Structure formats: C-alpha cells, structure tokens
Amino acid sequence: MKRYILPSLTGVVALGIAVAATTAQAQPALPPIHLPLGHDRTRPLPPVVDPGQPSTQEQAGKAPSDAVVLFDGSDIAQWVAMNGSPTKWVVKGGAMECVPGSGYVRTLQSFGACQFHLEFATPTPPEGSSQGRGNSGLFFGMGRYEIQVLDSFENKTYADGSCGSIYNQYPPLVNASRPPGQWQTYDILWTPPQFDDEGNLLSRPRVTAFHNGVLIHYNAELVGGTDWLRRVPLQPQPGKLPIALQDHGNPVRYRNIWVRELGPKSKPEFYLSDQLLDSYCGRYQFGRNDSCTVTRRDGNLLLRFSGVEFVLFAESPTHFFAKTVDVQAEFGENDGRPTLVVTVGEDDNGRRGRKVE
Ligand code: MG
C-alpha cells in the first residue's frame, strides 16, 4: 500500500511564513513617506503663479511668473558660445536664429532638475532631406543629452533621430510635427543623473516631454550620452549644468524660452568661461602672514583657505560661494591688481587680499 505523507497544517503555515520572510528580505522596503495630517489647515498654501499666456503662430506666449526667462524675443544676453565667449547667433523678428557655422549656444546659468519650455521653427521653404533638413537640438547637461530638433514633417529619417527623439536612444512616442516655418513647442521635464561622492551612478537622467502639447516621452531613462553612432556611458557630472542649442548647419529659429527649476529654492549658479576662471587663479595675500590660493578644477574654482579647500560656485561673474559652509568670495580689482575678499558667515567684515602670484 502506497503511503502519502501530508504535511501538517502547522508545517504549511510555517513554510508560508518562511517563504514570505525570504521574499520580504529579498526586496528592501521603500523608505516611508511622511505626509502631514489629512486636511491639515496649517499646511502652507501653494504660491500663486501667473501662468503666463500660450503662444499663437503670430505671437509668442508669456512665461509663468516664477520662471527664469532665457529668451524673451529681444535679449540674447542669457546665451553664450560653449566656451563662454559671446555668441554669433542673431536676433531677428522676435526670434533668436542659429547662424550656420557659428557653433552651439548655451545658457550662462546652470540648471538641475527643471521644467523647460521653448518654441522652434525650422526653415521654410525646406531644404535638404533626412538629417539635413531643419536640424538643431536641445541639450541638457552641457551638450551631453540631446532632444532632437528636426523638420520631421513629411521628411523620412531614422526613428531615433527624428524630431523629438532622445537622439540615438528613444524615438518619440508619436510624430507631432507641424510643417516647416510654423512655430512648434517643446515642454520638457528634465531630471539629471545622480552620482554618489565616489562617482557611482545612483539614478539615470530622465525625460518626460511634450511636442506641440502631445506626450512624446514619459519618464524615459537615458542610458548614456546621445552621440552620433555611439552611446557614451553615463559619467559623473555636476548636478547643475547649462542648457544648449545645436548648430547643425541649418538656420533654425527659437523664441519664448523659459525654465522653472524644481526642488528647494537655491542661488542661481553660472557656468563661466575657463578663461575668466583662470584669470582668478593664484595666491592672494591677506596682511603679512595670511594667504589663500585659488585654483580651477573643470568648471569650478577651488579656494584653499585656512587649511581647508572649498569648491566655489559662481553666483555672478565676480561673486562665488561654497555650498558646505557660508564662505563667500568676491573677485575685483584695485589699482590694476586683482583682489579677493573672502567672508565667512554673515557678520564677517572679510579678509581683503591682493594677488601676489
Ligand atoms: Mg540635432
């Protein structure tokens, strides 16, 4: 006679608990989210923002009242060549226009996670075909990550290079292009990559994007840089960097460009030219026995002062600040000699130094 051994009910329950425990161990719990009490009347009301006005084909719109306006139809001062020198792009009829051969332009200011809006119009009558027709591009991360600008109206090209594509990675979900010459909009939610102090990747860059109001990317995760023919792995970079527009040899026009930074309010940061930063480098003498040194590392200055090194961020072309402590540095000139005033804390009168090396 065949004997069947049935596990006891207690055994089955114990086994179930053990499996559940193993499963729970395999998936670490997400950090808890602490919300205020429901309907908490002391919860701050959201700030009031004028939403601006939508654009029409004839008339550029107006930015929301809390946006940083990067181009309002007349002033191109927020844009420079990639090396920080003045741009050769021109302002014509309320638009800034790419001058073929003049190079990319980038914002003077650096931005992290943000909501970004721009309008573009590709040339009419259209010239060229495929990637040669109305090609430009919107770049986050100082030229690393491109959202393609192209005349994709009845113009066939490879999918991950068409208008609205995250170049060489993701075609847009749909082709929402208007005909050449007409104004089109991009509304982008950009989240930069995050790295820890050792340069390990914590999260990839992410893009949600609307083209002419139509969703074309939903939380797309970028796998690397968006170069032609190759995918350069993600590399550590500062959390805030300039936004750029591409010169790809076509006179594409832009208007009504604005950005709303996300996250806690912080000081504006500017990405200055290496040439200007280098002009601040050297040793500054405070009085007889005290001095500090200023050096450059990539796009930042390093201030070595009182045995401690601080990374400085530019709040203006002459004023810098550290993020770890309240150290401020103001560069200037006195009798033709470079000067530096370093202050620590709000009530500090500052140490005034002159450049000696
Ligand atoms: Mg392009």
Side-chain angles (χ1 to χ4, degrees), residues 70-71 79-83 87-90 95-107 111 116-124 126-188 190 192 205 207-212 214 216-217 220 222-232 234 241-257 259:
L70 295 173
F71 181 67
W79 297 85
V80 292
M82 294 302 270
N83 66 4
T87 175
K88 294 191 172 69
W89 287 35
V90 293
M96 55 187 258
E97 183 175 309
C98 171
V99 174
S102 65
Y104 291 29
V105 289
R106 68 161 172 93
T107 54
F111 300 99
F116 183 85
H117 174 92
L118 67 64
E119 298 173 29
F120 66 92
T122 58
T124 185
E127 286 178 12
S129 61
S130 186
Q131 293 290 298
R133 184 184 292 187
N135 195 334
S136 181
L138 162 65
F139 283 83
F140 292 93
M142 190 65 178
R144 281 198 193 172
Y145 311 109
E146 179 182 14
I147 296 166
Q148 175 72 300
V149 170
L150 193 79
D151 178 355
S152 277
F153 186 80
E154 298 173 355
N155 176 36
K156 202 170 168 202
T157 188
Y158 45 87
D160 65 13
S162 61
C163 192
S165 61
I166 297 169
Y167 189 76
N168 194 11
Q169 294 186 27
Y170 299 102
L173 296 171
V174 293
N175 179 353
S177 296
R178 294 189 197 282
Q182 286 197 16
W183 285 103
Q184 312 194 54
T185 58
Y186 272 166
D187 289 279
I188 315 276
W190 163 252
V207 167
T208 292
F210 296 83
H211 181 192
N212 295 324
V214 179
I216 55 168
H217 296 289
L222 279 65
V223 297
T226 57
D227 299 49
W228 184 45
L229 300 179
R230 62 194 181 126
R231 291 184 178 145
V232 180
L234 293 166
L241 282 171
I243 296 167
L245 299 172
Q246 186 183 41
D247 167 17
H248 199 283
N250 300 134
V252 174
R253 294 176 296 149
Y254 291 94
R255 72 176 189 186
N256 192 23
I257 311 175
V259 59

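Remember, it's 1-based here, ligands and their atoms both numbered in the order they're listed. If you're wondering where the values come from, they're calculated on a predicted model, not measured in any experiment. Residues: numbered from 1 along the sequence shown.
Aromatic pair Phe140/Phe116: centroids less than 6.0 angstrom apart.
Angle OE1(Gln246) to the Mg ion (ligand 1) to OD1(Asn135): 100° [nearest 10 degrees].
Taking 2.8 Å as the threshold, Gln131 does not count as a candidate ligand of the Mg ion (ligand 1), since none of its N, O or S atoms lies below it. The Mg ion (ligand 1) lies at 2.8 Å or more from every N, O or S atom belonging to Tyr167.
Here the CD atom belonging to Gln148 is positioned 11.0 Å from the CG atom belonging to Asn168, to the nearest 0.5 angstrom. Summarising the geometry, atom CG belonging to Asp151 is positioned 13.5 Å from atom CZ belonging to Arg178; distances are rounded to the nearest 0.5 Å.
Contact of the His117 side chain with the Thr185 side chain is registered, since non-hydrogen atoms from C-beta on lie closer than 4.5 Å.
Looking at Glu146, its N, O or S atom nearest to the Mg ion (ligand 1) turns out to be OE2.
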